[in-house]
Amino acid sequence: MRSPTPSVFIRGLGAYKPERRLTNEDLSRIVETSDEWIRSRSGICERRVAAPEETTADLGAQAAEVALRDAGVGREEIDLVIVATASAESTVPSTACLLQRKLGLRAGIPAFDISAACSGFLYLLQIANHMLRAGDYRNALVVASEKLSRIVDWQDRTTCVLFGDGAGAAVVSKCDVPHVGILGNVLGADGTKGDLLAVAPRQAPAPEPVEGLPVGTHRIVMNGKEVFKNAVRVMSQACREVLAKCGVGIEQVALIIPHQANMRIIDAIVDELGVERARVKVNLERYGNTSAASIPIALEEAYREGLVKEGDYVLLVAFGGGFTWAATLLKWFQPRTIS
Ligand code: ACO
């Protein structure tokens, strides 16, 4: 007799938000902007900024520690570590290798980073899903970590008001229960639109730091209006595709967790899909856009708040630089109590 098709599911979640809060009022002392403009254009009220000594790997390690505890999985049981980030301090060694060392994970397990901007966490879920299903690994540590404050141009009011620092992590495991956990994914990219949202080298000499905010060698550049239009169209489409692929109707979905970029983008997607706001998780007012980390931070919060329950369909959807996009449908599986 054939063994049941194994499932791959999120076994534990963790998040880390740096302590320092940077409010819209604080920003209005740095660039010509106002709380009213930022709130009405984006929905963001404040964001977190990592301490100067905190690295992208440090933020990820904090989130990962919580996820490991939550999953009840020991470090020695992790046999794959993958990281999504657009703000790594180094490309080599990768943030995943730095995390492996920092957390004392087993030597010899594979560790690598991916670059898919704000879609990174969902890209990682798909990678873990396939690598675990293929049979070689049982538990993956999946981490999205961003210290965007080092690539934000704190002189550019059109971008600096939108982003924040943070990290989210998941322990992703295999189980023998059929048809639970990650039910389906769609991933996509359009490299022809790469220039509309990019991390580019600074052209002008770096300015003096203000308010203790870092000044990096690179800066985020963005055509806000084009990003906005594409994000709404592509995320709505990705939601429909993944639901069709899984044979699940939007009315069956208990919770939608969209990338937390802008409240107006989320509102437009919600209208497009015809769902009630009550079924959409939003926390961007407190953290801004934390790129790859935004979905796991919001998912972890929803999970701690008891908004996701055993058997619920949860729809995750992201869009980011590249352009990249992704949607993932989960059937929440929780063979444990929340720690
Ligand atoms: N404070 C005050 N005024 C500002 C600010 C600011 N922070 N930024 C821009 N303005 C001014 C502009 O200079 C412009 O002035 P002008 O009319 O005199 O030229 C005016 O406000 C309007 O600017 P717009 O760019 O037209 O503002 P818009 O309504 O398009 O909002 C925004 C800009 C918020 C960036 C919007 O386009 C947007 O949300 N785009 C999506 C981008 C996004 O979310 N990116 C995140 C990364 S991508 C991702 O994660 C999906």
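Positions are given from 1, in the same order as the sequence printed here.
Under the 4.5 Å side-chain criterion, counting only non-hydrogen atoms from C-beta, Y303 is not in contact with K309. The shortest distance between side-chain heavy atoms of I127 and H130 does not fall below 4.5 Å. Considering only heavy atoms from C-beta on, L315 comes within 4.5 Å of I250 through its side chain. The closest side-chain heavy-atom distance from V280 to I266 is below 4.5 Å. The closest side-chain heavy-atom distance from V172 to R11 is not below 4.5 Å. Looking at L27 and T23, their side chains never come closer than 4.5 Å, going by heavy atoms from C-beta outward. Between L68 and V171 there is a side-chain heavy-atom pair separated by less than 4.5 Å. Counting only heavy atoms from C-beta outward, the side chains of N283 and Q260 approach each other to under 4.5 Å.
The hydrophobic clustering, which links ILVMFWY residues whose side-chain heavy atoms are closer than 4.5 Å, places V308 and I10 together. The hydrophobic clustering, which links ILVMFWY residues whose side-chain heavy atoms are closer than 4.5 Å, places I257 and Y123 together. Taken together through direct or relayed side-chain contacts under 4.5 Å among Ile, Leu, Val, Met, Phe, Trp and Tyr, L330 and M131 form part of one hydrophobic cluster.
With sequence neighbours left out, R101 forms a salt bridge (charged side-chain N to carboxylate O under 4.0 Å, His left out) with no residue at all. Looking at residues two or more places apart in sequence or on another chain, you find no salt bridge (charged side-chain N to carboxylate O under 4.0 Å, His left out) involving D79. In this view, R264 satisfies the salt bridge (charged side-chain N to carboxylate O under 4.0 Å, His left out) rule with no residue, not counting sequence neighbours. Every salt bridge (charged side-chain N to carboxylate O under 4.0 Å, His left out) that R279 has, sequence neighbours left out, goes to E276.
Atom CD of E32 has 12 or fewer neighbouring heavy atoms from other residues, nucleotides or ligands inside a 6.0 Å radius. Annotation for D156: atom CG counts as buried by contact number, over 12 foreign heavy atoms lying within 6.0 Å.
Residues P6 and K174 come closest through the heavy atom pair CB-CG, 4.0 Å. Across all their heavy atoms, I78 and A140 have their closest contact at CD1-C, 4.3 Å. Taking each heavy atom of A128 and V142 in turn, the nearest pair found is CB-CG2, 4.0 Å. Nearest approach of A292 to A117, heavy atoms of both residues: CB-O, 3.5 Å. For the residue pair A64 and V143, the shortest heavy atom distance occurs at CB-CG2, 4.3 Å. Across all non-hydrogen atoms, the minimal contact from G320 to C118 is CA-CB, 3.8 Å.
Without hydrogens or angle criteria, E77 side chain to G74 main chain gives a donor-acceptor distance under 3.5 Å. Using modelled atom types, no side-chain atom of T159 and backbone atom of V221 make a donor-acceptor pair closer than 3.5 Å. Side-chain atoms of D70 come within 3.5 Å of backbone N or O of L13 as a donor-acceptor pair. In terms of modelled atom types and a separation under 3.5 Å, the side chain of E146 and the main chain of T85 share no donor-acceptor contact. Without hydrogens or angle criteria, S40 side chain to W37 main chain gives a donor-acceptor distance under 3.5 Å. One N or O on the side chain of W154 and one on the backbone of S149 form a donor-acceptor pair closer than 3.5 Å. Using a distance-only test at 3.5 Å, with no hydrogens or angles considered, no donor-acceptor pair links the side chain of R150 to the main chain of V215. D312 places no side-chain N or O within 3.5 Å of a backbone atom of W332 that could act as its donor or acceptor partner. A donor-acceptor pair is defined here as one N or O able to donate and one able to accept, closer than 3.5 Å; no such pair exists between the side chain of E25 and the backbone of D35. Remark: the backbone N or O of C175 is not paired with any side-chain donor or acceptor of S7 at under 3.5 angstrom.
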Next item on the list: Evaluate the side-chain contact (heavy atoms from CB on, under 4.5 Å) criterion for residues V253 and V314: first the C-alpha distance (whole Å), next the side-chain angles of each, then the deciding distance (0.1 Å), finally the verdict.
Entry: CA-CA 6 Å; V253 173; V314 180; over 6 Å; no
Note to self: Assess the residue pair E36 and R41 against the criterion (salt bridge (charged side-chain N to carboxylate O under 4.0 Å, His left out)); give the C-alpha distance rounded to whole Å, side-chain angles, the decisive distance to 0.1 Å, and a yes or no.
What the structure shows: CA-CA 8 Å; E36 198 282 322; R41 295 303 222 280; over 6 Å; no
Notebook entry, point to check: Between N139 and S173, is a side-chain hydrogen bond (donor to acceptor under 3.5 Å, both in side chains) present by the stated rule, with each step listed?
Noted result: CA-CA 4 Å; N139 299 303; S173 299; 2.6 Å; yes
Next item on the list: Would you sort out whether I256 and K281 count as a side-chain contact (heavy atoms from CB on, under 4.5 Å), showing the intermediate values?
Entry: CA-CA 6 Å; I256 302 173; K281 172 69 186 170; over 6 Å; no
Item checked: Verdict with reasoning, V317 to H259, per side-chain contact (heavy atoms from CB on, under 4.5 Å) -> CA-CA 6 Å; V317 62; H259 170 47; over 6 Å; no
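Evaluation of the ring pair (Phe, Tyr, Trp, His ring centres under 6.0 Å) test over residues 304-324, restricted to residues two or more places apart or in two chains, returns F319-F323. Within the structure, the salt bridge (charged side-chain N to carboxylate O under 4.0 Å, His left out) test picks out the following pairs touching residues 13-23 (sequence neighbours left out): R21-E46. Identified under the side-chain hydrogen bond (donor to acceptor under 3.5 Å, both in side chains) test for residues 204-224, with sequence neighbours left out: D153-R219. Residue pairs satisfying the salt bridge (charged side-chain N to carboxylate O under 4.0 Å, His left out) criterion with at least one member in residues 266-275, sequence neighbours excluded, are listed as follows: R240-E272, D267-R277, D271-R277. Sorted by first and then second residue, the pairs that involve residues 182-193 and meet side-chain hydrogen bond (donor to acceptor under 3.5 Å, both in side chains), not counting sequence neighbours, are Q126-N185, N185-T328, D190-T192, D190-K193.
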Could you pull out all donor-acceptor pairs under 3.5 Å where a side-chain atom in residues 47-60 meets a protein atom, sequence neighbours excluded?
residue: R47; atom: NH1; partner: L22; partner atom: O; Å: 2.8
residue: R47; atom: NH1; partner: N24; partner atom: OD1; Å: 3.0
residue: R47; atom: NH2; partner: N24; partner atom: OD1; Å: 2.9
residue: R47; atom: NH2; partner: V161; partner atom: O; Å: 2.8
residue: R48; atom: NH1; partner: P18; partner atom: O; Å: 2.8
residue: E54; atom: OE1; partner: A51; partner atom: N; Å: 2.8
residue: E54; atom: OE2; partner: Y16; partner atom: OH; Å: 2.4
residue: T55; atom: OG1; partner: A57; partner atom: N; Å: 3.4
residue: T55; atom: OG1; partner: D58; partner atom: N; Å: 3.0
residue: T55; atom: OG1; partner: D58; partner atom: OD2; Å: 3.1
residue: T56; atom: OG1; partner: S87; partner atom: O; Å: 2.8
residue: T56; atom: OG1; partner: E89; partner atom: OE1; Å: 3.1
residue: T56; atom: OG1; partner: E89; partner atom: OE2; Å: 3.4
residue: D58; atom: OD1; partner: K102; partner atom: NZ; Å: 2.7
residue: D58; atom: OD2; partner: T55; partner atom: N; Å: 2.9

For residues 196-205, which side-chain donor-acceptor pairs fall under 3.5 Å, sequence neighbours excluded?
residue: R202; atom: NE; partner: G216; partner atom: O; Å: 2.7

Review item, side-chain donor-acceptor pairs of residues 228-236, under 3.5 Å, at least two apart:
residue: K229; atom: NZ; partner: E226; partner atom: OE2; Å: 2.9
residue: N230; atom: OD1; partner: R233; partner atom: NH2; Å: 2.9
residue: N230; atom: ND2; partner: E226; partner atom: O; Å: 2.8
residue: S236; atom: OG; partner: V232; partner atom: O; Å: 2.7

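Comment: E300 engages R304 in a salt bridge, judged by a side-chain N to carboxylate O separation of less than 4.0 angstrom.
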